[in-house]
Amino acid sequence: MAKEITEREDNYSLWYNNLVVKSGLAENSAVRGCMVIKPYGYAIWEKMQAQLDKMFKESGHSNAYFPLFIPKSFLSKEAEHIDGFAKECAVVTHHRLMSNPDGSGVVVDPDAKLEEELIVRPTSETIIWSSYKNWIKSYRDLPLLLNQWANVVRWEMRTRLFLRTTEFLWQEGHTAHATRQEAIEEAEMMVHLYEEFAKEYMALPVVVGRKSAGERFAGAVDTYSIEALMQDGKALQAGTSHFLGQNFAKAFDVQFTTKEGKLEYVWATSWGVSTRLMGALVMAHSDNNGLVLPPKLAPIHVVMVPIFKGEEELKRVVEKMEILKLELKERGVVAKIDDRDNLRSGFKFAEWELKGVPVRVVLGPKDLQNGTVEIARRDTLTKEQRVFEGVEEYIPQLLDEIQKSIYNKALSYREANSYSVDDYATFKEKVEEGGFIYAHWDGTAETEEQIKIETKATIRCIPMEDKVEEGRCIYSGKPSQGRVIFAKAY
RNA sequence: CGGGGUGUGGCGCAGUUGGCUAGCGCACCUGCUUUGGGAGCAGGGGGUCCUCCGUUCGAGUCGGAGUACCCCGACCA
């Protein structure tokens with residue numbers, strides 16, 4: 001069933017229409033591949049932001065903000081870094097417009113050409129490290145643990161809603177440390193923080209691992225990531241954390257004096273997650289009726305739909321709902337009463353299901369008489385009749401139950417679509433079917449590349465809890481020490 | 001950047017060999033009846049048919065150029 005969903009164009013819009021306007025500003029090439037995030041979609045992002053921000057601060061980080069524009073010369077200081085991003089940069093060359101001499105609109109004023117072009121940040125390592133140079137002089141200034149919430153622009157050849165938009169919102173952490181060991185620990189801690197966030201809040205099971213050299217971030221010594229499996233069998237990199245070694249410190253000449261009075265380069269990390277997480281959330285859980293949101297990230301937990309004939313009845317039902325709404329509020333549950341009188345209840349049910357609201361409460365005249373209420377779950381689409389008394393206690397429990405249930409469903413899907421494979425023929429078969437494929441790899445870039453060319457599968461990661469297991473490379477037959485995860489990726 | 005496709009009210013589309021006043025469904029507005037799984041009837045509003053150039057008595061329809069978007073590859077969080 002899951003495969004049908006993502007292959008059907010109308011389901012794509014079924015899932016996304018409540019959250020964003022897809023490439024809404026046509027006729028303007030400058031907004032190619034961008035998206036307008038609607039209030040309901042943005043509310044989900046805000047909930048993610050709030051939780052992540054809290055977790056960052058609890059682990060000792062602070063927020064800061066750096067400029068959107070990066071002088072071209074900054075970007076070119078780290079060789080690998082610029083290699084990785086040069087092909088996808090938006091460049092500002094002028095700072096003024098003027099009326100077109102022929103009277104038709106405005107044109108770029110040729111006199112307003114910038115001496116040095118500015119790059120719209122594709123990521124902020126360079127501009128941040130040019131500041132760190134001035135901020136870090138002594139071991140007492142370390143570690144420096146900063147994060148920034150920002151937008152970035154990457155002019156990708158091909159865009160895809162949520163997963164690869166030209167402009168996207170994200171957070172990027174940039175830390176500086178006195179020792180190699182401490183920086184590695186930071187990078188690992190952050191990838192595990194992302195793992196916890198995905199599991200606990202997004203109800204999304206992820207695999208934590210290390211990237212192969214070929215998949216590593218431009219300028220990193222080591223890249224860690226969380227990898228999730230979507231319902232169509234494709235893998236999605238949902239967050240990354242990089243150990244940058246001393247590459248940026250050397251490129252920007254950031255040295256500090258140690259306790260012993262020696263001059264040393266600092267060690268760095270960077271890590272980030274983006275609005276891609278919203279894509280992951282949607283693609284991992286949603287069904288043919290629309291979005292399925294985990295309660296911990298749902299902007300609205302409970303929607304209450306009144307059943308009524310005439311204004312009098314509506315008033316009586318809504319009165320009771322208002323009381324329940326307040327009782328739920330005290331328990332941290334956000335409820336919405338849908339008292340629109342121009343729509344039938346069936347329409348409302350369908351509409352709120354599209355939006356993924358976890359719990360629906362239906363109350364009508366019969367319930368008022370019998371002291372009952374109908375409670376429906378979005379994740380299982382089941383309904384139950386309950387005694388009204390005590391629902392304010394029941395609903396928070398139900399929300400917890402739904403959160404767990406969504407996670408477990410996603411987990412069993414992943415487990416049902418994870419395979420250990422030992423021969424290349426089966427490997428190719430499984431790649432076609434989709435899912436995570438655990439296989440032995442000889443560790444060479446050549447093999448990785450050949451497999452990619454032949455099957456389109458890439459090494460998603462080398463899992464962290466790598467059990468040492470003797471084996472032979474699926475492709476070359478050379479000895480291997482453990483399995484890595486292959487999959488087709490977005 | 002290669003290959004394919006599509007541009008017609010807010011959304012989804014029809015309009016087939018050029019022809020009369022450019023249609024349909026959904027949405028929207030008004031009224032009445034409805035409301036326990038996407039309501040019914042009646043009335044109403046809303047269009048530079050992507051742009052420019054050309055062919056023609058006449059172009060949504062034919063030709064050329066441009067442009068935007070979508071899908072598939074290479075690239076990527």
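Protein chains get the first letters and strands the later ones, always in sequence-line order, with residue 1 at the start of each.
In this entry B:G58 has no Watson-Crick or G-U wobble partner, no candidate having both defining distances under 3.5 Å. The base-pairing partner of B:G47, taking Watson-Crick or G-U wobble contacts with both distances under 3.5 Å, does not exist among the strands shown. Using N1 to N3 plus N6-O4 or O6-N4 for Watson-Crick, or N1-O2 and O6-N3 for G-U wobble, each under 3.5 Å, B:G2 pairs with B:C72. Of the nucleotides present, B:A42 is the one that pairs with B:U30 by Watson-Crick or G-U wobble criteria, both distances under 3.5 Å. When Watson-Crick and G-U wobble pairs are counted only if both distances are under 3.5 Å, B:G37 pairs with no nucleotide at all. In this structure, B:C13 and B:G23 make a Watson-Crick or G-U wobble pair, each of the two defining distances being under 3.5 angstrom.
Atoms OH (A:Y490) and C1' (B:C75) sit 18 Å apart, rounded to a whole Å. In this structure, A:F217 places its CZ atom 12 Å from C1' of B:C76, rounding to the nearest Å. In this structure, A:E156 places its CD atom 15 Å from P of B:C69, rounding to the nearest Å. If you take CZ of A:F349 and P of B:U35, they are 13 Å apart, rounded to a whole angstrom. Residue A:I453 contributes atom CD1, which lies 14 Å from atom C1' of B:C75 at whole-angstrom precision. For A:R164 and B:C72, the CZ to C1' distance is 13 Å, given to the nearest whole Å. The CZ atom of A:F347 sits 10 Å away from the C1' atom of B:C26 (whole-angstrom rounding). Following rounding to the nearest Å, A:L343 (CG) and B:G36 (P) show an atom-to-atom distance of 12 Å.
Distance noted for atom C1' between B:G47 and B:C24: 14 Å (whole Å). With C1' as the reference atom, B:U6 and B:C49 are 14 Å apart, rounded to whole Å. Comparing the P positions of B:G18 and B:G9 gives an interatomic distance of 24 Å, to the nearest angstrom. Between B:U61 and B:G7, the distance separating the two P atoms is 12 Å to the nearest Å. Using atom C1' as the reference point in both B:A39 and B:C52, the two lie 48 Å apart (nearest Å). When the P atom is compared between B:G63 and B:C1, the two are found 26 Å apart, to the nearest whole Å. Taking atom C1' on both B:G12 and B:A27, the two are 11 Å apart, rounded to the nearest angstrom. Rounded to whole Å, the separation between the P atoms of B:C76 and B:U17 comes to 46 Å.
Less than 6.0 angstrom separates the ring centroid of A:H81 from the ring centroid of A:F248. When ring centroids are compared, A:H61 and A:W271 come within the 6.0 Å threshold.
Among the atoms of the strands shown, none is found under 4.0 Å from any heavy atom of A:K348. Base contact: A:K383 has a heavy atom under 4.0 Å from a base atom. In this structure, A:L163 reaches the bases: a heavy-atom distance under 4.0 Å links it to at least one base atom across the strands shown. Heavy atoms of A:E172 sit nowhere under 4.0 angstrom from any nucleic acid atom.
Considering only heavy atoms from C-beta on, A:E186 comes within 4.5 Å of A:M189 through its side chain.
The listed nucleotides are B:U35, B:C76, B:G73; the one nearest the side chain of A:S345 is B:U35. The side chain of A:K456 sits closest to B:G73 out of B:G38, B:G36, B:G73. Checking B:G38, B:G36, B:C75 against the side-chain heavy atoms of A:D367 singles out B:G36 as nearest.
The base of B:G37 lies close enough to the side chain of A:R360 for a donor and an acceptor atom to sit less than 3.5 Å apart. For A:E353 against B:G37, a side-chain N or O and a base N or O form a donor-acceptor pair under 3.5 Å.
The residues A:E374 and A:R386 are annotated as not salt-bridged, no charged nitrogen and carboxylate oxygen being separated by less than 4.0 angstrom.
Legend: salt bridge (charged side-chain N to carboxylate O under 4.0 Å, His left out) pairs involving residues 295-319 of chain A, not counting sequence neighbours, sorted by first then second residue: A:E200-A:K296. Residue pairs meeting the side-chain hydrogen bond (donor to acceptor under 3.5 Å, both in side chains) criterion with at least one member in residues 356-369 of chain A, sequence neighbours excluded, are A:E353-A:R360, A:D367-A:T372, A:D367-A:Q385.
Between A:R344 and B:A39 there is a side-chain polar atom (N or O) within less than 4.0 angstrom of OP1 or OP2. For B:C75, neither phosphate oxygen OP1 nor OP2 lies less than 4.0 angstrom from any side-chain nitrogen or oxygen of A:R154.
Note that A:K211 lies outside the cation-pi zone of A:Y224, set by a 6.0 Å cut-off to the ring centre and a 45° limit from the axis. Remark: A:K77 qualifies as a cation-pi partner of A:F74 under the 6.0 Å distance and 45° angle criteria applied to the six-membered ring.
Near RNA chain B, meaning a heavy atom under 4.0 Å from it, residues 294-322 of chain A has A:I307, A:F308, A:K309 in order of number.
When each of A:E449 and A:A376 is assigned the nucleotide of RNA chain B bearing its nearest heavy atom, the one mapping closer to the 5' terminus is A:A376.
The two residues A:V92 and A:F69 make their nearest non-hydrogen contact at CG2-CE2, 3.7 Å. A:F66 and A:S131 get closest at one heavy-atom pair: CE2-OG, 3.6 Å.
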